[in-house]
There are 2 protein chains.
Amino acid sequence: MPPAPQTRTSTTPMRRRLVLNGGEDIHRCLVCEIRDQSVCNAIDDNELAILAKASKQLSLPPATTLIEEGSAAQAFYNVTAGTVKLFKSLPDGRRQITGFADVGHFLGLTNAGTYSFGAETVNTVQVCRFMRPQLEILLNDYPLFERRLLAEVTDELAEAQEQMLLLGRKTARERVASFLLARMVHRPCQVKGEENIVSLPMTRVDIADYLGLTIETVSRTISSLRREKIIAGTDHHGIRVLSPTRLQGLASGQEHS
Amino acid sequence: MPPAPQTRTSTTPMRRRLVLNGGEDIHRCLVCEIRDQSVCNAIDDNELAILAKASKQLSLPPATTLIEEGSAAQAFYNVTAGTVKLFKSLPDGRRQITGFADVGHFLGLTNAGTYSFGAETVNTVQVCRFMRPQLEILLNDYPLFERRLLAEVTDELAEAQEQMLLLGRKTARERVASFLLARMVHRPCQVKGEENIVSLPMTRVDIADYLGLTIETVSRTISSLRREKIIAGTDHHGIRVLSPTRLQGLASGQEHS
DNA sequence: TGTGAACCTTGATTTAGATCAAACAATTCA
DNA sequence: TGAATTGTTTGATCTAAATCAAGGTTCACA
């Protein structure tokens, strides 16, 4: 696709020239289907060319390292397709997945010069990459963008606190139930009549590393929920929730009350 | 102390009048000793009267509820003295402390209309309280303030991720070591020659609820570290670290490598 | 379409930390 | 000052989840 001619208006300040170096299709952001799910919806329609130029779209195969733990913080990513796992590790290899970033989520924000976490694709992923200087220009020039990012980070912090409650105080059963429920609520299956299908693109190892359990415990717990007809298996990467109510009760520890 | 006369300059936009309703000493922020440790350092010296008027200083006794879990989000607090614990609970009473906010830290930021967490003072605490509308005015009028807040929340998220690694993957010994080390590093004792003294204003119950353990395990672990001469007790609320190196090794799981 | 590798499940056994129990400080306040 | 209360330590026992072990599935690709 040939790049469309630049149609900057006279009101655009000169320093925005700095971001106009991507060489990508400037219509990319205009036609982006998930824009209103992400921080990019803070940029006005007639400024989207600037956003497109500030970022570069990348398509990444499964198990690609996006961010190496401890490496220099150079880029910021917005996920437009697929799922990325974020994690922290101990020297002996123990790993904790701190979150899954799927469609509409960003990753790579940090104050330090180096990333304190790693990031790897779970499946085939599309991201828009913003290099740090470009990101800073966006933050400076678009107050709404900064506000949106603040809101997004605040939400992530609330999610992290919920996960601390899970890791510190919930049983294995409660953890698995919480996980399935959260994925059902936050990433509902789009197909009609299939609302209660939870997609699990990640492996059991990833689920275990997210829930602070072993793969054996995750597997046993899922089997047990299946035996009790609370869930039903479609295949290993999809689960149908038969009783959202019971799952909800389990997740908040109200099994025997 | 009588309130000093208002000396607003002619450049102050009219809508800032909205924040000029505190009736407090407008010099409070100017003489605030911990201003440069907090988000307030984003406000220029000659604008500090606005900050003082936008907030109200409160002195709170130990065990005061600042934020009720699930209550309407009406205020934002900046801690200027003492320590506040933030927590989340399950219906049956299990509790996870998600962090301790001490001097210089803020609390109460949320996107939702209600707080998803609770907050209670550990000891005698001084806070500056900003009501939501005032906070929003500050965010709108002072880009630096907003930027500083974004940085602060980003840091908190990184801390939360570190805590998830602790809760999900560390042993009791590693958790206690990490906790002592983090408190030593982030809240160093000011007294000269006493650099390795860690102050623990919270009870064992609080430490246990922060580390995802029971009080018995916390107590036993501290006793064991004392027996091994890695730490020495001053009293129950103070610990001297005898070997920061060994503690650091323990905290990152390198005990037997 | 078959074969190896990666992934998942189930069973037996072990263990770190929880729970139960009791004594021992420290702090409050009458 | 001392009795009550709250907080801490230590010991004995239990258990949820880890570890160890072995099959069973699924998937990629030759």
Side-chain angles (χ1 to χ4, degrees), chain A residues 61-63 85 90 92-96 120 122-124 166-179 200-228 231-239 250 253 255-256, chain B residues 61-63 85 90 92-96 120 122-124 166-179 200-228 231-239 250 253 255-256:
Chain A
K85 58 190 180 200
L90 286 169
D92 64 4
R94 277 175 287 172
R95 190 182 67 152
Q96 177 66 37
E120 195 184 306
V122 166
N123 42 21
T124 300
L166 179 148
L167 293 170
R169 291 300 182 219
K170 288 187 182 177
T171 65
R173 221 170 135 77
E174 290 161 0
R175 291 182 201 201
V176 171
S178 302
F179 174 65
L200 302 174
M202 66 292 292
T203 66
R204 293 290 187 264
V205 176
D206 287 341
I207 298 175
D209 280 353
Y210 181 56
L211 299 179
L213 300 169
T214 58
I215 46 170
E216 292 95 330
T217 299
V218 170
S219 189
R220 270 188 257 273
T221 307
I222 289 177
S223 298
S224 140
L225 293 176
R226 194 152 34 205
R227 242 175 282 123
E228 297 165 49
I231 61 173
T234 55
D235 70 340
H236 287 148
H237 293 282
I239 276 176
L250 265 181
E255 179 143 58
H256 316 283
Chain B
K85 59 190 180 202
L90 287 169
D92 64 4
R94 278 174 287 171
R95 192 183 64 154
Q96 178 65 37
E120 194 185 307
V122 166
N123 43 20
T124 299
L166 179 148
L167 292 170
R169 290 300 183 218
K170 289 187 182 178
T171 66
R173 221 170 135 76
E174 289 160 1
R175 291 182 200 202
V176 171
S178 302
F179 174 65
L200 302 174
M202 66 293 291
T203 66
R204 294 288 187 267
V205 176
D206 288 340
I207 298 175
D209 280 351
Y210 182 56
L211 300 179
L213 300 170
T214 58
I215 46 171
E216 292 95 331
T217 300
V218 170
S219 189
R220 272 186 255 272
T221 308
I222 289 177
S223 297
S224 140
L225 293 176
R226 196 153 34 205
R227 242 175 281 124
E228 297 166 50
I231 61 173
T234 55
D235 70 340
H236 288 145
H237 293 283
I239 277 176
L250 265 182
E255 178 143 57
H256 316 281

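Every chain is numbered from 1, with letters handed out A, B, ... down the list of sequences.
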Determine the contact category for A:G212: base if any of its heavy atoms lies under 4.0 Å from a base atom, sugar-phosphate if only primed atoms, P, OP1 or OP2 are that close, otherwise nothing.
sugar-phosphate
Below 3.5 Å, does any donor atom in the side chain of B:R220 face an acceptor in the base of D:dG11, or the other way round?
yes
For DNA chain D, whose closest nucleotide is more 5', that of A:H237 or that of A:V218?
A:V218
Side-chain donor/acceptor contact of A:R204 with base of D:dT25 under 3.5 Å
no
Quickly work out the B:I222 CD1 to D:dT10 P distance and round it to whole Å.
11 Å
From CG of B:D209 across to P of D:dT8 the rounded distance in Å is 12 Å
Rounded to whole Å, CZ of B:R227 lies from C1' of D:dG11 at a distance of 12 Å
Check every atom of C:dC7, C:dG17, D:dT9 against the side chain of A:T203 and return the nucleotide holding the closest atom.
C:dC7
Value in whole Å for how far the P atom of D:dT8 lies from CG of B:L200:
10 Å
Any side-chain N or O of A:T214 under 4.0 Å from OP1/OP2 of D:dA18?
yes
Between CD of B:E216 and P of C:dC24 the distance, given in whole Å, is 17 Å
Tell whether B:R175 reaches the base of C:dG17 with its side chain through a donor-acceptor pair below 3.5 angstrom.
no
So, does A:S223 get its side chain near the phosphate of C:dT10, meaning an N or O under 4.0 Å from OP1 or OP2?
yes
Would you kindly give the CG-to-C1' distance between B:L167 and C:dG17, to the nearest whole Å?
15 Å
Spatial distance of atom OG1 (A:T221) from atom CZ (A:F179) [nearest 0.5 Å]
12.5 Å
Do you know which two heavy atoms are closest between B:S178 and B:K170, and how far apart they sit?
OG-NZ, 2.9 Å
Ignoring hydrogens and angles, tell me if any N or O in the side chain of A:S224 forms a donor-acceptor pair with the backbone of A:R220 under 3.5 Å.
no
Can any side-chain N or O of B:R169 pair as donor or acceptor with the backbone N or O of A:L213 at less than 3.5 Å?
yes
Hey, could you give me the OG1/CD1 distance between B:T217 and B:I222, rounded to the nearest 0.5 Å?
11.0 Å
Between B:R173 and C:dG17, does any side-chain N or O lie under 4.0 Å from OP1 or OP2?
no
Protein-nucleotide distance (A:D235, atom CG; C:dT9, atom C1'), rounded to Å:
15 Å
Distance check needed: C:dA22 C1' versus B:I215 CD1, whole Å only.
13 Å
With a 4.0 Å limit, can you tell me whether B:T217 has a side-chain N or O closer than that to the phosphate oxygens OP1/OP2 of C:dA18?
yes
